[in-house]
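Just the heavy atoms: all of them, side chains too, but no hydrogens, waters or symmetry mates, feed the values below.
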Amino acid sequence: MDLNLQGKTALVTGASKGIGLAVAKLLAAEGCNLHLVARSKDTLETAREAIRKRHQIAVALHPLDLSHSDSVPQLAESCRDIDILINNAGAIPGGTLAQIDEARWRAAWDLKVFGYINLTRAFLALMEERGRGVIVNVVGLAGEKMDAGYVAGSAGNAALIAFTKAVGSTSLDKGVRVVGCNPGPVETDRIVTLMKTRAEREFGDAGRWQEYLKKLPLGRAAKAEEVADLVAFLASDRAAYINGTTIPIDGGILQSI
């Protein structure tokens, strides 16, 4: 299926690894020019090299910490004419209410929750001026399937799901779609860290984290590339009538007891 993304320009946050890198690679394969954002310049350069080896597209790098709100105007000024914004940066730590203190909670939300909000605020305005654009928020299943052992993530993701739906409810009036997806467990370094934290808490042995994978649909986590497929589709004109909603990609976990 041709997604009609050839020649468009996308900004991807958290783009140096995991879901963000998978999204960047797929958009590049579809002919999108890219702006890639992450904290580490070195990992961004590695990502750009891998993409340029396979695809003849422009790749600009922005080594920024999006938990600092003053990074947002700088980024918006550098990328005023993007067609697509993929909000993906952020890793909220696992833990119960007693385990996640205020400082860790705020730091995680500054990057993911307020990072998404601040970037959407900046780029939505620019897109509305042109009468076109798409914002895709990669949120997370914990915002729908609440988890006391991942309380900061559940609360933050639930907020971003509501945010996506609220902003998207009127954005199409000015030609801009705001949509999201909610991945369940995905095969990344981050999920290993979360599962090790949970295994240490529940079993007293972080090494037993792989036991959680056996309980998942197909006995595995989703692949980052599978999430990227959904993100690219949502960002494309093929999804022109999908707006103001979030779509789970979880193998059916949300419907399980």
Side chain to side chain contact (heavy atoms under 4.5 Å, CB included) partner of Leu85, chosen from Val136, Leu126, Ile135: Ile135

Donor-acceptor pair, distance only, cut-off 3.5 Å: does the side chain of Thr193 make one with the backbone of Asp189? yes

Just checking, Arg208 and Phe203: is the charged tip under 6.0 Å from the six-membered ring centre and within 45° of the axis? yes

Please evaluate residues Glu226 and Lys223 with respect to the criterion salt bridge (charged side-chain N to carboxylate O under 4.0 Å, His left out), reporting the C-alpha separation (whole Å), side-chain torsions for both, the decisive distance (0.1 Å), and the verdict. CA-CA 5 Å; Glu226 292 171 324; Lys223 300 181 186 301; over 6 Å; no

Do the side chain of Ser171 and the main chain of Val176 share a donor and acceptor less than 3.5 angstrom apart? yes

Can a side-chain donor-acceptor contact be found between Lys112 and Asn87 if the only test is distance below 3.5 angstrom? no

Does a side chain donor of either Asp65 or Ser67 reach within less than 3.5 Å of an acceptor in the other side chain? yes

Side chain to side chain donor-acceptor pair (under 3.5 Å): which pairs involve residues 44-57, sequence neighbours left out? none

Extract all donor-acceptor atom pairs below 3.5 Å that involve side chains of residues 17-34 and protein atoms in other chains or at least two apart in sequence.
from	atom 1	to	atom 2	distance (Å)
Asn33	OD1	Ala58	N	2.9

Donor-acceptor pairs are to be reported for all side-chain atoms of residues 241-252 against protein atoms at under 3.5 Å, with residues two or more places apart or in another chain.
from	atom 1	to	atom 2	distance (Å)
Asn243	OD1	Val178	N	2.7
Asn243	ND2	Gly168	O	2.7
Thr246	OG1	Asn182	ND2	3.1
Asp250	OD1	Gly252	N	3.0
Asp250	OD2	Ile253	N	3.2
Asp250	OD2	Leu254	N	2.7

Just by modelled atom types, is the Ile117 backbone N or O under 3.5 Å from a matching donor or acceptor in the Thr120 side chain? no

Any donor-acceptor N or O pair under 3.5 Å, side chains Asp147, Ser154: no

So which atom in Ile100 and which in Ala152 form the shortest heavy-atom distance, rounded to 0.1 Å? CG2-CB, 4.4 Å

